[in-house]
Amino acid sequence: MRIATWNVNSIRSRIDRVEAWLARSQVDVLAIQESKAKDEQFPYDRFRALGYQVAHHGVSQWNGVAIASRVGLDDVQVGFDGAPGWGEPATAEARAIGATCGGIRMWSLYVPNGRALEDPHMAYKLSWLDRLRDQATGWAADGTPVALCGDWNIAPTDDDVWSMEYYADKSHVSPGERAAFHAFLDAGFVDVVRPHTPGPGVYTYWDYQRLAFQKRRGMRIDFVLGSPSLAARVAGAVIDREERKGTGASDHAPVVVQLDA
DNA sequence: ATGGTAGCACCGCTA
């Protein structure tokens with residue numbers, strides 16, 4: 001079985017590329033982030049035509065998460081208990097959806113950006129991650145294979161950014177964010193991609209600006225964190241940077257994990 | 001050459 005995660009940066013503008021990528025990548029389950037669509041705008045039919053069931057959660061033009069599966073899709077959960085909201089008044093954003101696909105408890109996660117170190121969005125990001133870790137620990141407690149897939153908006157080590165000088169005073173690399181990410185590892189989750197895609201200089205995201213992709217100026221911020229029983233089944237992983245090329249690409253590359261059996 | 005992109009919805013916001 002093959003699972004993947006991809007921040008598509010608008011499903012409506014990217015659907016042709018997503019369709020073509022599914023056809024050639026042959027993934028069984030795809031966690032999608034940043035659909036930038038409400039449920040009624042999501043192109044369900046395009047996925048169905050390829051043999052995938054889809055669960056999508058989108059409430060505005062921002063955020064939006066989905067799971068597409070051709071190995072079953074059951075027990076869909078929108079959001080997670082205790083997830084903090086944003087705005088005034090604080091309301092839950094469309095940043096998490098879970099479903100059981102082929103025996104794997106899949107989660108598509110779009111972690112809040114943080115924006116800047118002193119921005120209120122940073123506290124929201126850290127709180128959101130703390131609550132997620134608390135919940136995810138419970139999901140995996142009985143040995144269920146859990147895959148926390150998504151855009152984490154954190155570069156956990158210096159090797160995960162093209163320049164620490166550039167990011168020194170910016171979000172994504174701060175000690176607080178890295179601690180929030182590391183807390184998942186402490187809870188038993190494993191970055192199942194890194195052993196198969198060693199760095200430095202290996203990224204999943206490149207800004208659209210300043211020819212970042214061509215200059216190899218990226219960040220590794222998209223991850224599949226597996227519970228121990230999932231991690232034990234990982235046979236390989238790739239970051240499909242070919243998909244970042246050409247006109248009409250998302251600014252994120254898909255990340256694919258091959259599982260035994 | 002000291003700026004550059006992209007997407008959505010609206011003329012700014014988010015990334």
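Order of the sequence lines fixes the chain letters, A, B, ..., with proteins taken first and strands second; residue numbering starts at 1 for each chain.
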Student: Please check if the distance between the ring centroids of A:W86 and A:H121 is under 6.0 Å.
Tutor: yes
Student: Round to a whole Å and report the spacing from OH of A:Y110 to C1' of B:dT14.
Tutor: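 Rounded to the whole Å, the gap is 8 Å.
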Student: Strictly under 6.0 Å, is that where the ring centroids of A:W152 and A:Y205 end up?
Tutor: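 They do not qualify: ring centres at least 6.0 Å apart.
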Student: Out of B:dT14, B:dT5, B:dG7, which has the shortest distance to the side chain of A:R115?
Tutor: B:dT14
Student: When you compare B:dG3 with B:dG7, how far apart are their P atoms, in angstrom units rounded to a whole number?
Tutor: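 Rounded to whole Å, the distance is 24 Å.
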Student: Rounded to the Å, how far apart are A:I11 CD1 and B:dG7 P?
Tutor: 13 Å
Student: Could you tell me how far apart A:Y205 (OH) and B:dT14 (C1') are, to the nearest whole angstrom?
Tutor: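 Going from OH in A:Y205 over to C1' in B:dT14 covers 11 Å.
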Student: Taking the P atom of each, how far is B:dG4 from B:dC10, in whole Å?
Tutor: 25 Å
Student: Distance-only, no hydrogens or angles: does the A:E177 side chain make a donor-acceptor pair with backbone N or O of A:H172 under 3.5 Å?
Tutor: yes
Student: Over how many whole Å does the gap from A:N153 atom CG to B:dT14 atom C1' extend?
Tutor: 11 Å
Student: If you assign A:H252 and A:Q61 each to the DNA chain B nucleotide with the nearest heavy atom, which residue ends up on the more 5' nucleotide?
Tutor: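 In this pair, the answer is A:Q61.
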Student: Take the protein atom NZ of A:K36 and the nucleotide atom P of B:dG7, then report the distance between them rounded to whole Å.
Tutor: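 Going from A:K36 (NZ) to B:dG7 (P), I get 8 Å.
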Student: Can a cation-pi geometry be assigned to A:K170 and A:Y166, taking NZ or CZ under 6.0 Å from the six-membered ring centre and within 45° of the ring axis?
Tutor: yes
Student: Which residues within residues 39-46 of chain A lie with some heavy atom under 4.0 Å of an atom in DNA chain B?
Tutor: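 Heavy-atom cutoff 4.0 Å gives A:Q41.
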Student: Specify the separation, in whole Å, of atom CG of A:N7 and atom P of B:dC8.
Tutor: 13 Å
Student: If I take atom CD in residue A:Q209 and atom P in nucleotide B:dG4, what distance separates them, rounded to the nearest angstrom?
Tutor: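 Taking atom P of B:dG4 as the reference, CD of A:Q209 is at 8 Å.
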Student: Quick one: A:D251 CG to B:dT14 C1', roughly how many Å, whole number?
Tutor: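 Between C1' of B:dT14 and CG of A:D251: 11 Å.
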Student: Near DNA chain B, which residues from residues 84-96 of chain A have a heavy atom under 4.0 Å away?
Tutor: A:R95
Student: Give the table of side-chain donor-acceptor pairs shorter than 3.5 Å for residues 178-185 of chain A, with sequence neighbours excluded, one pair per line with atom names and distance.
Tutor:
| residue | atom | partner | partner atom | Å |
| --- | --- | --- | --- | --- |
| A:R178 | NE | A:A155 | O | 2.9 |
| A:R178 | NE | A:P156 | O | 3.3 |
| A:R178 | NE | A:V173 | O | 3.3 |
| A:R178 | NH1 | A:D158 | OD1 | 2.8 |
| A:R178 | NH2 | A:A155 | O | 3.4 |
| A:R178 | NH2 | A:T157 | O | 3.2 |
| A:R178 | NH2 | A:D158 | OD1 | 3.1 |
| A:H182 | ND1 | A:D186 | OD1 | 3.4 |

Student: Could you measure between the two C1' atoms, the one in B:dA6 and the one in B:dA1, and give it in whole Å?
Tutor: 22 Å
Student: Determine whether the aromatic ring centres of A:W107 and A:W139 lie less than 6.0 Å apart.
Tutor: yes
Student: Out of B:dC13, B:dA9, B:dA6, which has the shortest distance to the side chain of A:W62?
Tutor: B:dC13
Student: Using heavy atoms to find the nearest nucleotide of DNA chain B for A:R210 and A:P112 separately, return the residue whose nucleotide is more 5′.
Tutor: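 Nearest-nucleotide comparison on DNA chain B picks A:R210.
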Student: Distance check, P atoms only: B:dA15 and B:dA9, in whole angstrom units.
Tutor: 15 Å
